[in-house]
Number of protein chains: 2
Amino acid sequence: MTDIDRPRRRLPRSVREQEIIDAALRVFAKRGYRAAVVDEIADLAGISKPMVYLYLGSKEGLFIACIRRETQRLVTAFREAAGAGDDPARRLWAGLTAFFGFVAAHRDSWVVLHRQAPEQSEAIAAELAAARRSVRAEVTGLIGDGIARGAGGAVHLGRDDADFVAHALVGAADSLTDWMELHPGEPPEGVTLRLMNMTWVGMRNVLAGEVWAPPR
Amino acid sequence: MTDIDRPRRRLPRSVREQEIIDAALRVFAKRGYRAAVVDEIADLAGISKPMVYLYLGSKEGLFIACIRRETQRLVTAFREAAGAGDDPARRLWAGLTAFFGFVAAHRDSWVVLHRQAPEQSEAIAAELAAARRSVRAEVTGLIGDGIARGAGGAVHLGRDDADFVAHALVGAADSLTDWMELHPGEPPEGVTLRLMNMTWVGMRNVLAGEVWAPPR
DNA sequence: TTCTAATCTTACTCATCAGTAAGTCTACTT
DNA sequence: AAGTAGACTTACTGATGAGTAAGATTAGAA
């Protein structure tokens, strides 16, 4: 998204920093942390390498800045969509749709957050683990609510089960990002619909002819 | 799994090659393709670097050899478990259990197959894509059978739906690999049981108190 | 025993890239 | 108009690591 035609205009630090992070996100997503070259990031940001070091400190710092900013964005998008409403199924629907919409629109963010070998350094491993945990925590929260709501009866499900389901859902969603790339026509709602049918209704019942539809 | 005490015994190429691939798998899984250092692989294999190049050609060739061998192993394990029987649910249960068992026993294989940024080179991207496709194809096959079996009634599900479900299942399974690391006590069967309840029965029904049990 | 092919080694080269030194330039203040 | 702080650059250094040249060693065949 960085312009090409810009005639080397000087920009205030706060703006330039964001542009550098934009560029870094693209390059990290395309090449992976280790193969990404800081010079390429600088070029893409329309700037020279020492600026990157002046503002972000190091390649590691740059990567961590990407993770922080994009985690924030993703969690916000999810939370705003899933926050409203009362019915657990409806909130899950809204949250997942926001997720798929976000990933379709910001594929690089997702790739950087979830498709990196985390063992590049202690700091990066910790940062990525925290990022992934916080994304998953959003889902775990929703599922936990669903369990609390539905568990008046014979069910004996706890936090642990919510966490299991969150792992499975996030993993499925991650993988479905690839499926989306193979089916560019499919809107995020379509993906969510299929996933809700699979997990919420259950494949057995789906095979028996049952379908789920979004509330309203 | 390579010995430490070996007094620099000479080994025939066929054996040494496998030991090199063993070592490479561990290092690639631990560090990622780019950060992995060939000298470390050689050390771990109890050999010097030129042997690696003599036998495997290049770092890229070494990586591709890992992918091929481990894909083969995983697909074989899955196919043998899921091949027998008639009931789709039973075969899915068996296949998934084999999968989780395999990943628990060969975590490095899975990490190399599914946790690498594929854009290191044209050849690696192609090889990884093929590997992932072939793993997923096993699942797609099972689901497709299930659909064909169950689709006497009102259901209008096709190959496309099977592929969607396969994506979601493989992604969920991948993520559950992490869950397993957080719950070392849980046997593969336990993980499969939870996943079957979630996808086969459906979360809504599970919340309503229904549970799935493995046949027999 | 002698020869030979396969196994294996030490000791390099050379490209790449993270990080920096030592400034220059320009917008804005006073 | 002069001064200054912040934006920006060119041109390096030093480490790391893929790949190789040139040959040493040993298991077994003849």
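Here is the naming used below: chain letters follow the sequence lines, and residue numbers restart at 1 for every chain.
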B/Met51 has an atom CE; how far is it from atom C1' of D/dG23, in whole Å? 14 Å
Does the pair A/Thr97 and A/Glu189 meet the rule for a side-chain hydrogen bond (donor to acceptor under 3.5 Å, both in side chains), with working shown? CA-CA 6 Å; A/Thr97 302; A/Glu189 289 81 6; 5.6 Å; no
Length of the CD-C1' vector between A/Gln120 and C/dA18, whole Å: 14 Å
Describe the nucleic acid contact of B/Pro12 in one word from base, sugar-phosphate, nothing, applying a heavy-atom distance below 4.0 Å. sugar-phosphate
Tell me whether A/Asp178 is salt-bridged to A/Arg115, with the criterion being a basic N under 4.0 Å from an acidic carboxylate O. yes
If you check the A/Arg13 side chain, which of D/dC8, C/dC8, D/dA7 turns out closest? D/dA7
Donor-acceptor contact below 3.5 Å, side chain A/Arg34 vs main chain B/Arg34: no
What would the secondary structure line of DNA chain C be in dot-bracket form, counting Watson-Crick and G-U wobble pairs under 3.5 Å, with [ ] for pairs that cross earlier ones and | for pairs with another strand? ||||||||||||||||||||||||||||||
Between CG of A/Leu56 and C1' of C/dT20 the distance, given in whole Å, is 16 Å
B/Arg10 (side chain) and D/dT25 (base): donor-acceptor pair under 3.5 Å: yes
For the aromatic rings, using the six-membered ring if either is Trp, is the centroid distance between A/Trp110 and A/His106 under 6.0 Å? no
Length of the CG-P vector between A/Leu11 and C/dT26, whole Å: 15 Å
Geometric class of the A/Tyr33/A/Phe28 ring pair [parallel <30°, tilted 30-60°, perpendicular >60°]: parallel
Check the distance between C/dC17's P and A/Glu40's CD and give it to me in whole angstrom. 10 Å
Does B/Arg68, at its CZ atom, have more than 12 non-hydrogen atoms belonging to other residues, nucleotides or ligands within less than 6.0 Å? no
Just the rounded figure in Å: distance from P of C/dA18 to OH of A/Tyr55. 20 Å
A/Ala45 and A/Ile20: which non-hydrogen atoms are nearest, and at how many Å? CB-CA, 4.1 Å
Tell me the interatomic distance from A/Leu62, atom CG, to C/dA18, atom C1', rounded to whole angstroms. 12 Å
What are the atom names and distances for every N/O pair under 3.5 Å that joins the protein to nucleotides 12-18 of chain D?
residue, atom, partner, partner atom, Å
D/dA18, OP1, B/Ala36, O, 3.0
D/dA18, OP1, B/Lys59, NZ, 3.1
D/dA18, OP2, B/Val38, N, 3.0
D/dA18, N7, B/Lys49, NZ, 3.3

Heavy-atom nearest nucleotide on DNA chain C taken for B/Pro50 and for A/Glu60; more 5' hit belongs to B/Pro50
Carboxylate-amine/guanidinium contact B/Asp163 B/Arg133, below 4.0 Å: no
So, OP1 or OP2 of C/dC8: does either fall under 4.0 Å of a side-chain N or O from B/Arg16? yes
For A/Trp93 and A/Trp200: C-alpha separation, side-chain torsions, deciding distance, then whether ring pair (Phe, Tyr, Trp, His ring centres under 6.0 Å) applies. CA-CA 10 Å; A/Trp93 155 264; A/Trp200 197 256; over 10 Å; no
